[in-house]
S.K.: 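Okay, here's the structure, questions in a sec.
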Amino acid sequence: MMYIKARILNLLNRAVKELQQEGVLPSEVPMEPGLERPAAAMHGDYATNLAMQWAKPARKAPRVIAQALAAKLQDYPELLAGVEIAGPGFVNLRLNPAVLQAELENIRSAGFAYGVSDWGVGRKVLLEYVSANPTGPLNIVSARAAAIGDSLARILKSQGLEVCREYYVNNAGRQIQLLGRSLYARWQESRGEVVDFPEDGYQGEYVKELAAGIAAERENSWEQLDKDTVSKVFAEQGVNRIIASHCRDLSDLGADFDNWFHELDLHVSGEIEAVLEELKTRGYLYEKEGALWFRSTDLGDDKDRVLRKANGDWAYLAADIAYHWNKLKRGYTELVDLWGPDHHGYIARLRAALQVLGCAPKAFKVHIVQQVNLWEGGKPVAMSKRAGRLVTLTDLLQDVGKDVARFFFLMRSTDSHLDFDLDLARRHTEDNPVFYIQYAHARICSILKKSSADGFDLPAVGEPVKAVEVSLPEETTLARELAAFPEVLETCVHTLEPHSLAFALRDIAAAFHRFYTVCRVLNSADIPCSRARLALIDAARVVLHNGLSLLGISAPESM
RNA sequence: GCGCCCAUAGCUCAAUUGGAUAGAGCGUCUGACUUCGGAUCAGAAGGUUAGGGGUUCGAUUCCUCUUGGGCGCACCA
């Protein structure tokens with residue numbers, strides 16, 4: 001199936017080719033025609049700025065080119081009912097209403113597959129997100145990253161891209177030892193011993209509970225072991241249990257991963273040494289003061305970075321470079337990472353390393369998932385990592401539920417700060433935007449149910465309905481919003497952000513609610529009209545369902 | 001001090017990545033149901049896009065300076 005926008009683009013490309021053959025446009029200049037939906041309805045369904053794009057290379061006034069283009073586009077009345085030149089040289093296109101009607105039919109026949117496309121086939125994306133240290137419960141920013149990453153993955157897959165959802169587990173290094181020592185200390189305390197809790201050790205009740213849980217299984221077998229060994233056991237067990245709990249929590253959020261990649265594997269497999277050898281061969285390594293350095297300043301970083309410390313340990317960056325190299329070796333051609341707000345300074349050095357390893361700068365994309373501020377009772381909720389006072393993903397899910405949590409995370413662009421209003425999120429009866437959309441879906445289902453009970457039959461897919469009935473502004477607006485759904489998904493793939501979909505669903509729901517107040521669907525005095533409107537809202541049901549499902553949010557039939 | 005990100009309506013945010021008259025929600029004010037779900041809808045008010053300069057047919061978007069915020073600046077991870 002070919003979507004409306006793609007069909008128009010075909011026409012534009014064909015017209016450009018003809019104009020090139022006729023000498024109106026120079027043939028040596030390649031250019032993708034710009035095609036967009038104008039903000040104002042008076043500017044038509046689509047508009048192209050092609051004439052302005054070509055003005056300079058063709059050395060012609062934009063309106064002259066627009067004139068020639070418009071003449072070509074007159075030949076396709078079955079698709080374009082109106083072609084107008086406006087402003088500095090826009091060509092505004094008005095769709096033949098029958099096209100919109102046919103698209104409603106497409107929506108209904110595709111059903112839950114509507115929006116699915118294959119234009120992204122061949123792209124292999126490794127999408128890494130959350131990747132929180134396995135030293136404590138997942139916090140709010142991790143929850144946000146999980147919702148964004150998971151929804152993005154669903155959208156990318158729907159457009160034919162191959163996606164691996166990956167979680168990088170930092171199970172090596174100092175913080176793991178520290179976790180082990182913290183657990184050990186809490187266990188000793190529980191036995192009545194007086195101990196010095198490690199400086200910078202992990203606070204919070206979960207450490208005590210975790211220690212008790214581990215000890216319950218092992219206690220008798222390690223009485224005779226030395227302190228370091230016991231700490232190590234605590235560390236291993238603790239990490240395993242925490243990873244398992246992350247896995248459960250993320251699953252509760254509907255954000256499952258395809259792969260959990262362990263940092264430790266890189267240390268064991270020798271990939272760190274191997275990747276450094278690569279960097280060395282290309283002349284980007286040097287030794288200074290006993291440490292091994294990466295000359296990242298040659299590639300846009302603002303200072304060189306240590307990869308192997310003077311004490312022989314790998315720096316974190318070394319493992320991370322090896323990790324990203326590993327992604328490339330697995331055949332992924334696009335590496336997309338969602339990182340926390342405090343890691344933005346890290347992008348330049350990793351990009352530098354990847355460039356050395358042959359990864360095009362554009363193939364490595366990082367979105368910073370910005371900070372989340374929780375609000376309650378008109379005031380920010382005070383959180384302190386030090387004292388272990390954190391609102392966790394688990395707390396949030398218990399508090400507001402999966403659907404609301406996900407939608408609130410998804411309705412802002414990734415790299416802008418998010419104010420999460422807990423009071424609004426908890427409200428089930430007022431202006432909660434999640435329910436606004438779900439309500440539209442439930443309302444449609446309710447009408448469809450009533451229609452069959454009252455003897456109105458929903459037209460079968462493929463069965464002709466009186467197309468002209470979709471003619472009131474509220475009807476056409478709704479139909480237009482629905483037909484734009486594939487383009488919204490395209491935008492999300494392009495920007496690698498899911499929030500446009502959340503906005504689009506809100507717009508679709510609004511268009512439906514407006515339609516509903518103006519247009520009576522079930523009217524026994526006008527059966528053809530009722531049938532046409534039933535088909536329209538059925539299409540709306542499909543799009544709302546599909547959109548919500550790409551966001552990982554349920555589409556209830558009743559609320 | 002250096003670097004990165006940000007600044008749009010009273011508040012929270014969009015703006016199809018350079019397009020036409022900058023749009024939504026909340027809040028405020030005024031309205032709308034005898035019938036399909038009022039968790040709804042309509043209307044009004046609200047803007048020099050922080051400020052100056054530049055690039056071009058065209059700038060919220062790109063460059064530059066100023067101001068004001070956030071975050072980084074470890075041989076931590």
Side-chain angles (χ1 to χ4, degrees), chain A residues 34-40 42-43 47 49 51-52 55-56 61-63 86-90 92 133 135 170 172-176 178 200 263 288-293 301-303 305-317 319-320 340-348 368 370-371 375 411-413 415-421 424 427-436 438-440 442-451 454 456 484 487-488 490-491 494-495 499-500 503-504 506-507 509-510 512-523 530 533 537 558-559:
Chain A
L35 184 65
E36 62 204 10
R37 269 164 191 281
M42 59 170 292
H43 294 133
N49 58 357
M52 273 109 74
K56 192 165 275 179
R63 289 191 70 106
F90 289 102
N92 295 334
N133 284 348
T135 53
N170 299 127
R174 207 181 62 89
Q175 88 277 10
I176 301 300
L178 191 58
D200 296 328
E263 181 189 350
K288 192 178 89 181
E289 293 161 5
L292 185 64
W293 293 72
D301 198 3
D302 52 351
K303 56 178 82 158
R305 308 292 170 178
V306 168
L307 294 180
R308 194 185 57 225
K309 308 177 205 171
N311 69 5
D313 287 349
W314 299 119
Y316 177 81
L317 178 62
D320 216 8
D342 49 347
H343 283 68
H344 58 77
Y346 201 78
I347 299 173
I368 297 297
Q370 276 294 356
Q371 202 177 318
W375 288 74
M411 67 181 181
R412 296 278 176 268
S413 73
D415 51 12
S416 71
H417 290 236
L418 170 61
D419 282 1
F420 196 114
D421 185 340
L424 177 62
R427 251 179 269 163
H428 283 218
T429 51
E430 290 186 38
D431 305 299
N432 191 318
V434 190
F435 295 116
Y436 181 85
Q438 291 181 321
Y439 180 58
R443 239 180 173 182
I444 293 170
C445 292
S446 168
I447 298 171
L448 291 173
K449 202 180 290 174
K450 187 167 167 44
S451 75
D454 291 2
F456 293 90
E487 295 165 31
V488 173
E490 203 183 310
T491 302
H494 191 223
T495 58
H499 75 278
S500 322
F503 278 95
R506 215 213 67 88
D507 289 345
F512 167 74
H513 287 309
R514 271 196 294 275
F515 159 84
Y516 175 88
T517 51
V518 176
C519 305
R520 170 94 200 167
V521 176
L522 304 178
N523 177 7
S530 298
R533 287 177 175 170
I537 67 168
S558 65
M559 301 170 63

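Order of the sequence lines fixes the chain letters, A, B, ..., with proteins taken first and strands second; residue numbering starts at 1 for each chain.
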S.K.: Would you indicate what A/Ala47 reaches in the nucleic acid, counting non-hydrogen atoms under 4.0 angstrom: base, sugar-phosphate, or nothing?
M.R.: base
S.K.: For a quick test of reading the model, state the closest non-hydrogen atom pair linking A/Arg427 to A/Phe435 and the distance between them.
M.R.: O-CE1, 3.5 Å
S.K.: Checking understanding here: a glycosidic angle within 90° of 0 is syn, the rest anti, so what is B/U64?
M.R.: anti
S.K.: Take atom CG of A/Asp313 and atom P of B/C76, then tell me their distance rounded to the nearest Å.
M.R.: 8 Å
S.K.: With sugar-phosphate meaning primed atoms plus P, OP1 and OP2, does A/Ala291 contact a base, only sugar-phosphate, or nothing at under 4.0 Å between heavy atoms?
M.R.: base
S.K.: Closest approach to the side chain of A/Lys56, judged atom by atom: which nucleotide of B/G37, B/U16, B/C57 is it?
M.R.: B/C57
S.K.: Between P on B/C76 and CD on A/Glu263, what's the gap in Å once rounded to a whole number?
M.R.: 14 Å
S.K.: What does nucleotides 68-74 of chain B look like as a protein-contact string, B for base, S for sugar-phosphate only, - for none, at under 4.0 angstrom between heavy atoms?
M.R.: --SBSS-
S.K.: Between P on B/A24 and NE2 on A/His513, what's the gap in Å once rounded to a whole number?
M.R.: 16 Å
S.K.: How long is the line joining CE of A/Met411 and P of B/G23, in whole Å?
M.R.: 22 Å
S.K.: Looking at the base of B/U40, is there any donor atom on it, or on the side chain of A/Arg514, that sits under 3.5 Å from an acceptor on the other one?
M.R.: no
S.K.: Which whole number of Å gives the distance between the P atom of B/G18 and that of B/A74?
M.R.: 35 Å
S.K.: Just compare B/C57, B/U35, B/A77 and give me whichever is closest to any side-chain atom of A/Arg174.
M.R.: B/A77
S.K.: A/Glu289 has a side chain; which of B/C75, B/U21, B/C41 sits nearest to it?
M.R.: B/C75
S.K.: Among the nucleotides B/U56, B/A20, B/G19, which one has an atom lying closest to any side-chain atom of A/Glu36?
M.R.: B/G19
S.K.: At 4.0 Å (heavy atoms only), tell me whether A/Thr135 reaches a base, stays on the sugar-phosphate, or touches nothing.
M.R.: nothing
S.K.: Closest to the A/Phe435 side chain: B/G19, B/U21, B/A39?
M.R.: B/A39
S.K.: Would you indicate what A/Cys519 reaches in the nucleic acid, counting non-hydrogen atoms under 4.0 angstrom: base, sugar-phosphate, or nothing?
M.R.: base
S.K.: When you measure from the side chain of A/Gln175 to the backbone N and O of A/Asn170, does any donor-acceptor pair fall under 3.5 Å?
M.R.: yes
S.K.: Count the heavy atoms of every other residue, nucleotide or ligand shown that sit under 6.0 Å from NE2 of A/His494, and state whether that count exceeds 12.
M.R.: no
S.K.: Reckon A/Tyr316 touches a base, only the sugar-phosphate, or nothing at all at heavy-atom distances under 4.0 Å?
M.R.: base
S.K.: Using the aromatic ring of A/Tyr439 (for Trp, its six-membered ring), decide whether it stacks on the base of B/G37 within the limits of 5.5 Å and 30°.
M.R.: no
S.K.: Name the closest nucleotide to the A/Ala86 side chain, picking from B/A39, B/A20, B/G19.
M.R.: B/A20
S.K.: At 4.0 Å (heavy atoms only), tell me whether A/Ala440 reaches a base, stays on the sugar-phosphate, or touches nothing.
M.R.: nothing
S.K.: Using the six-membered ring wherever Trp is involved, compare the ring planes of A/His343 and A/Tyr346 and label them parallel, tilted or perpendicular (cut-offs 30° and 60°).
M.R.: perpendicular
S.K.: Taking any heavy-atom pair under 4.0 Å as a contact, classify A/Tyr436: base, sugar-phosphate, or nothing.
M.R.: sugar-phosphate
S.K.: Looking for any heavy atom pair under 4.0 Å, which part of the strands does A/Ala348 touch: base, sugar-phosphate only, or nothing?
M.R.: nothing
S.K.: Which nucleotide, B/C75, B/U12, B/A14, lies nearest any side-chain atom of A/Arg412?
M.R.: B/U12
S.K.: Tell me which nucleotide among B/A20, B/A77, B/U12 gets nearest to the side chain of A/Asn92.
M.R.: B/A20
S.K.: For A/Arg506 and B/U40, give me the distance from atom CZ to atom C1', rounded to whole Å.
M.R.: 12 Å
S.K.: So if I take every side-chain heavy atom of A/Arg37 and compare against B/U16, B/C36, B/G37, which nucleotide ends up nearest?
M.R.: B/U16
S.K.: Between B/U17, B/A15, B/G19, which nucleotide has the shortest distance from any of its atoms to the side chain of A/His499?
M.R.: B/A15
S.K.: Can the positive tip of A/Arg443 be found less than 6.0 Å from the middle of the six-membered ring of A/Tyr516, inside 45° of the ring normal?
M.R.: yes
S.K.: What are the two closest heavy atoms between A/Leu522 and A/Ser451, and how far apart are they?
M.R.: CD2-CB, 3.6 Å
S.K.: Just by distance, do the side chain of A/Arg305 and the backbone of A/Lys303 share a donor-acceptor pair under 3.5 Å?
M.R.: yes
